[in-house]
Amino acid sequence: MHQSQPQPASTQPPAAQAPAPCVELTGVSKSFGDKHAVVDLTLTLMPGEVFAFLGPNGAGKTTTLKTTTGLLRPDRGTVRVCGENMLRNGRAAKQHIAYVPDQPFLYDKLTGREFITFTGDVYGVPRATVARRLARLDERLDLEGFLDQIAESYSHGMKQKTALAAALIHAPRLLVVDEPIVGLDPRTIRALKVLFRDIAQAGGTVFMSTHTLDVAEAVADRIGIINHGHLITVGTMDELRSHYAAGGRLEDIFLTLTDGHEEHDV
Amino acid sequence: MSEPAANARGVARGARLLAGCRLRQLRNVVDQHLREAPGRTFLVLSLLVLIWVSLYFLLREVLQHIESWGLVGVVADQHLFVQFFVVLAIMLAFSNAILTFGSLYGRDEPGFLLSMPLPARQVVAVKWIEGIVLSSWSFLLLGIPLMLAISRNSPVEWYYYPLFFAHFAGFVIIPACVGLLAAWVVAMWAPRRPIMVAIATGVLLLLGVIYWLSSISESALKSEQWLRVVFRQMGIIKQPFLPSTWTAKGIVAAIQRDIGESLFYLAVVAGNGLFLSWLTVNVLGITWSEAFSRAQRGRYHQRIRRGWCTAITCWALFFYLPGKLRRVMLKDLRSFARDARQWSQMAIMFGLLVIYVLNLRRLPVDLDRPQIKGLIAFLNLTTVSLILATFTSRFVYPLLSLEGQQLWLVGLLPVRRATLLLIKFLFAVTVTSLSAAVVMGLAAGVLNMPAAFAALNIAVSVGICVGLAGLSIGLGARFPVLTNRNPARIASGFGGTLNLIASMLFVGAEMAGMAVLTFHEMSRNVVFTGQLSQGGKWTLAALLAGSGLVAAGSLWIGIRHFQRLEA
């Protein structure tokens, strides 16, 4: 049981930002057998914002991200990305998305450059544009040392950086990232924070899940906390501070709301 | 541009991209092997050629015997080909189903592809092509030796060769599609236990074959007559609506120079294959997202395991070990017991052996003659040893590679690495020896052999287990593969292939010694008096010592290397 069941803050972003939402999850529920991974979740993300999704292990973060990207089909509710219904028009919706899972996938027998080029080809990005963007990403993520090696020799951090570069190669309107900073060195973490902010400034949306509260606090415009599949609260850092008055730190708010519960990873 | 035209162009583009990606991976693999280990690559290719040539000679001999026994009708009536293609279809459908389940409904690559704006049908179509390419290996490995063996025994025209190839190519499309459909059915309706579904299906098929074999082995006939009865009873699978029958008829027509009939059956097979392909790609394409989503459900729904059963078994089997080492052993036992792929294959192999042993009395030979008894016992031991060699090469050899990948953990344990190696050796010896002893003991009972001769067979089989386990553990530690989590791939690499060859040579040497021992004792007619001759005792001691030396030598090599291994 939760220690307290506070009323969630608004799941809608500030009205002043206005235009069409980038992500609209409406009444989304997803179960795995008896396990209710996500329950009646409603959430809207707007262009130009970085949204951090927090929660204990097994709270439903990854399920929500996968449902948003169309990898999992919700049992109930609707998912819209950039105005496209994910169930009815998944291909059109996915054209705007990039997804980096917590365990990034690369083809072991391709080099990083070949993998990124393949991803660009799938999204129909001209080769010249791929090369130009890759050069910029290389500067920011420091890929050059290993980009032409076979991916099976990469460390977790190298895989993560390559997967991020591949995800960004088509300049997506929505970047969905699950645990983006695990395995990265401090310099790359810093670069990634700046990159996320730049994406948002350019009108894109970053939807990330993380356990690193400092990063969420530093980068996110809004933060959502989920526990046992229920979205407990959503708001800016200031809103959360004023609403919960739990010492002013995100860590305190998080611990107060989630009550220290942990389940199996979902 | 109209919508359908745009879609068609999109499909072609996507398929080209995915196929290009596959080809690039293949090119990198070839390049990597040639650059980093040309010697190993050459050795593995040479072994493949050796297997291929051996198969050709084996098939040629079989066909010659069929001819010499006056069973030409078996070939002419397509019996032989019908059975060949039925078995091939089952094997291909199974392997395709297992591979497709991973490549369309697994987590990594399917998740990556599904998150991109690729048309699902295009992805499925590429997987369909991959299935067919995979199935085509059967043509290289089995089809070409068969095609050449037939042409060696029957005079054929030049067009027989392209027609044979075309029939084979047309036929493999069908099991490839059946495999894709089977994987889809499991993902949609039984996603929680895909491996268990595959095993249950395999066991049911096996039981059916065993029941059928036992029904035809009841008649005590001579081998030629028995073969005729077998082929006649197997006519049940020569159904006019089965693709195997069409392909068999088409190939026989090609042998008999009837091009028209051969082409007719080729059209029937290819037409049906293509229709099934169209259906498969569309059904799987339309439902890919749904099936993937359902398949993920199975991954989150694992039953709770207390582990008391494995704990009791471990205590019973390894009660003599110190508690700390027994806990390490328990970890290995649990890994084995919870990997259905491992124990199921072993259970199937030894289950078949037990059924064979229990049916020994039905063999059309006089089992009261001591020489026949000795010969059958020798053949039993050879079969058991060869199966054990396959088992240890496939399942025991990768153990050290998998353990080596966790060196950061293993290296910190307060246990010497040599001890860890010996624990794995002991584990492998225990599992294989128990299985071998049960089979050999059963065989001795069925053959009504005296205790001394039964003990001799069991002792040699246990000795062979010791040698095989030592080889697999020792070479596994000497040539660890630390970059791959797939045991099948680890076993098929250079070290695995070397281990398989070494195991086969070891079994060959042991069986040569055993042959000398058995036939020497048989010639003195004392085997069944229960007393081994002095020479026999020395040979037995030499065989056991040889096993021990092979095991000790391999383990020594392995330990030396494993102790130096860095995380």
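Because the structure is predicted, anything quoted here is derived from the model rather than measured.
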Non-hydrogen atoms of chain B under 4.5 Å away: do they reach the side chain of A:Ile150, the backbone, both or neither?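 Just the side chain, heavy atoms under 4.5 Å.
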Is A:Glu84 salt-bridged to A:Arg173, going by a charged N under 4.0 Å from an acidic O?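 The answer is no: the pair does not qualify as a salt bridge.
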Salt bridge present between A:Glu152 and A:Lys159 (N-O < 4.0 angstrom):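 So A:Glu152 does not pair with A:Lys159 through a salt bridge.
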Region of B:Leu26 in contact with chain A, defined by heavy-atom distances below 4.5 Å: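 Interface part for B:Leu26: neither.
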Heavy-atom pairs under 4.5 Å with chain B: which of [options] has the most?
options                     : answer
A:Gln95, A:Glu114, A:His170 : A:Glu114
A:Tyr107, A:Tyr99, A:Phe118 : A:Tyr107
A:Val176, A:Thr69, A:Asp121 : A:Asp121

CH2 of B:Trp189: more than 12 outside heavy atoms within 6.0 angstrom?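 Buried by this count: over 12 neighbours within 6.0 Å.
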Heavy-atom pairs under 4.5 Å with chain A are the metric here; pick the option from B:Arg27, B:Gln32, B:Met116 that has the most.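 With the most close heavy-atom pairs to chain A, the winner is B:Met116.
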What option among B:Gly111, B:Ser289, B:Pro117 has the most heavy-atom pairs under 4.5 Å with chain A?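 Highest number of heavy-atom pairs under 4.5 Å: B:Pro117.
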Full working for side chain to side chain donor-acceptor pair (under 3.5 Å) between B:Gln296 and A:Lys66: CA-CA 11 Å; B:Gln296 306 314 301; A:Lys66 285 187 172 177; 5.1 Å; no
Scan side-chain atoms only and decide if A:Asp40 and A:His230 contain a donor-acceptor pair under the 3.5 Å cut-off.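 Per modelled atom types, A:Asp40 and A:His230 side chains form no pair under 3.5 Å.
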Does one side chain, of A:Asp178 or A:Ser209, offer a donor that lies under 3.5 Å from an acceptor on the other?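 Yes - a donor-acceptor pair under 3.5 Å links their side chains.
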